[in-house]
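Okay, so here's the structure we're looking at.
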Amino acid sequence: MKFQKVNTLKGEVTIPGDKSISHRAVMFGSLAEGLTEVTNFLQGADCLSTIDAFRKMGIEIENTPEKILIHGRGLHGLQAPSSILDMGNSGTTTRLISGILAGQPFESTLTGDASIQKRPMRRIMEPLSMMGGNIVSVNGNGCAPLHITGSPLHGIHYHSKVASAQVKSAVLLAGLYADGETLVTEPTLSRNHTEIMLRYFGADLRSEGKTAHIIPEPHLEGRKIDIPGDISSAAYFIAAGLIVPGSEILIKNVGINPTRDGILRVAREMGGNITLLNEKHDGEPTADLLVKYSPLHGVTIEGDIIPALIDELPIINIMAACADGTTIIRNASELKVKESNRIDVMVQYLSAMGCDITGTEDGMIIQGGQPLHGTEVDSHLDHRIAMSFAVASLVAEGKTEIEGSDVVTISYPDFYADLAHLCQ
Ligand code: S3P
């Protein structure tokens, strides 16, 4: 797709449902007894991979434009999959489902696209094996395809080296099938959607600081879930509204869970004018965000905030490129093992646009304020790279061409239409 500089952004946008929460609604609804009804489900390719996997294990899931109906069969209701389970591009599906499959009385094989087959899976294989799980990387490289032979599991206290909600969730889900209590301690608290939603479904789960404890429960019960808009998707409009002169946009119904709201904290610290309206605080908190164009300045982003904005660092790079002064990002080596190596890819294409950016072992240093110019970008099968450069193009002189731009279907199928709607 080709993109051009725009004058300004005005109007309202309603963000589609949160990807992390949509996955969990399907998974936990499948393991619950009775009907789970989900509204504002994200119809992105990643979440459809999760639906497909549970259908292959005998769960009836009705997917209508208004809602998803999951006819859960209980913790022990899954059937051996009818074929290999295809995770597509979805790390969340792969890692969380592995925790569930480790404790089933059947064998299964998981695979996925070229990106997923390069992503590290030892981080879940290790704790699941400690619990008695039997998970083998078929090619012996610690990546998918994975072959899982379900086995009896025992509870452990796992001290995770990475602050990863996917690792934490895989262990907690395996904990549902263990013979005693399972605990996970993280170096920094990662997103806590699993804890919030499992508790809502009736699991015996409690969180104390950076440790989550789960006691196996004989059953979970079907629930109604209304999924908030995804702050990771809203981030592209937050950035666009802040960097395109004269912009004023209202972004409706955005999840503002404190384990995900790092983008708001950083954007404000950079000088961004963002007002929260219509805040709601039952279950997953939400708000409407009023974003106005603001001159931005560089900041240092490091430490405990990193997991709360890990997926937003590519778009934060674009904001930093448009900000006066230096932005330093540290402690973000996880960027190298996302859908692409997001340090290398951001450095490559932001440099090509004329930005002064240097990659480091665990982040990047950006000297902002240079004018950007259009370039050719390859998305590297990474939805967040495509959306970040689509936003950069709005302030770049000349034409920006994004190869593989349709990868946005992973998390935000209508992204380009919603962006065009705001462009005046
Ligand atoms: C996710 C957790 C994060 C995030 C990913 C979604 C989740 O990954 O980057 O997009 O839904 O649990 P890690 O847990 O590996 O950091």
Side-chain angles (χ1 to χ4, degrees), residues 16-28 41-42 44-47 49-50 53 87-100 112 115-116 118-127 142-144 158 160-173 184 186-198 210 212 227-228 230-236 255 257 259-263 284 304-316 331-343 362 381-388 407-408 410-412:
D18 186 277
K19 180 157 80 69
S20 294
I21 301 176
S22 294
H23 282 299
R24 287 158 172 80
V26 172
M27 293 182 182
F28 307 168
F41 179 81
L42 173 64
D46 268 12
C47 301
S49 296
T50 297
M87 308 286 103
N89 189 251
S90 178
T92 307
T93 314
T94 311
R95 296 198 178 109
L96 269 62
I97 216 171
S98 297
I100 295 170
S115 158
I116 212 76
K118 284 194 223 136
R119 298 186 63 188
M121 293 298 153
R122 288 203 178 97
R123 54 181 57 198
I124 50 130
M125 291 164 68
E126 181 189 281
C143 301
Y158 187 61
S160 180
K161 287 188 274 300
V162 277
S164 161
Q166 295 181 354
V167 172
K168 170 174 63 180
S169 304
V171 177
L172 291 175
L173 287 166
V184 187
E186 312 184 79
T188 305
L189 186 64
S190 65
R191 64 191 66 191
N192 61 358
H193 307 303
T194 294
E195 295 91 305
I196 292 174
M197 200 189 289
L198 270 181
K210 295 170 192 166
I227 297 184
D230 196 328
I231 192 167
S232 297
S233 299
Y236 303 98
N257 179 316
T259 63
R260 294 284 298 283
D261 72 350
I263 175 76
E284 290 279 356
D304 283 359
I305 198 170
I306 295 292
L309 47 66
I310 190 71
D311 291 341
E312 288 64 76
L313 284 169
I315 189 64
I316 289 173
N331 313 125
S333 55
E334 279 294 297
L335 286 177
K336 295 189 210 165
V337 291
K338 294 295 177 186
E339 285 83 330
S340 68
N341 180 331
R342 289 181 178 161
I343 297 181
D362 65 349
L381 269 182
D382 187 335
H383 51 133
R384 305 216 184 274
I385 296 295
M387 291 189 275
S388 296
V407 70
V408 302
I410 292 295
S411 63
Y412 196 161

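Order of appearance sets the numbers: ligands from 1, and atoms from 1 within every ligand.
- By the criterion of a heavy-atom distance under 4.0 Å, the side chain of R24, and not its backbone, is placed next to ligand 1.
- Set against the non-hydrogen atoms of S20, the atoms of ligand 1 under 4.0 Å away are 1 (C), 6 (C), 7 (C), 11 (O).
- Polar contact check, I310 against ligand 1: no nitrogen or oxygen pair lies under 3.5 Å apart.
- In terms of heavy atoms, L42 sits closest to P16 at CD1-CB, 3.9 Å.
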Handout entry: K168 vs T194, side chain to side chain donor-acceptor pair (under 3.5 Å): CA-CA, chis, key distance, verdict
Key = CA-CA 9 Å; K168 170 174 63 180; T194 294; over 6 Å; no
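- In this structure, the side chains of T93 and I116 stay at 4.5 Å or more apart for every pair of heavy atoms.
- For ligand 1, one of its N or O atoms has an N or O atom of D311 under 3.5 Å away.
- I306 has its side chain out of reach of T188: every pair of non-hydrogen atoms, C-beta onward, lies at least 4.5 Å apart.
- Salt-bridge annotation for R123 and E334: present, with a side-chain N of the basic residue lying under 4.0 Å from a carboxylate O of the acidic one.
- Heavy atoms from other residues, nucleotides or ligands lying under 6.0 Å from NZ of K118 number 12 at most.
- Nearest protein heavy-atom contact of atom 1 (C) of ligand 1 is Q166 NE2, 3.5 Å.
- Close contacts of ligand 1 with T92, meaning ligand atoms under 4.0 Å from a residue heavy atom, involve 1 (C), 6 (C), 7 (C), 11 (O).
- Ligand 1 has no atom lying under 4.0 Å from any heavy atom of H23.
- Note: no N/O pair closer than 3.5 Å links R191 and ligand 1 by distance alone.
- When non-hydrogen atoms are compared, ligand 1 lies under 4.0 Å from the side chain of K338 (C-beta onward) but not from its backbone.
- The nearest heavy-atom contact from the protein to atom 15 (O) of ligand 1 is S164 OG, 3.2 Å.
- When each of R191, R260, H383 is paired with D311, the side-chain hydrogen bond (donor to acceptor under 3.5 Å, both in side chains) condition holds for R191 and for no other.
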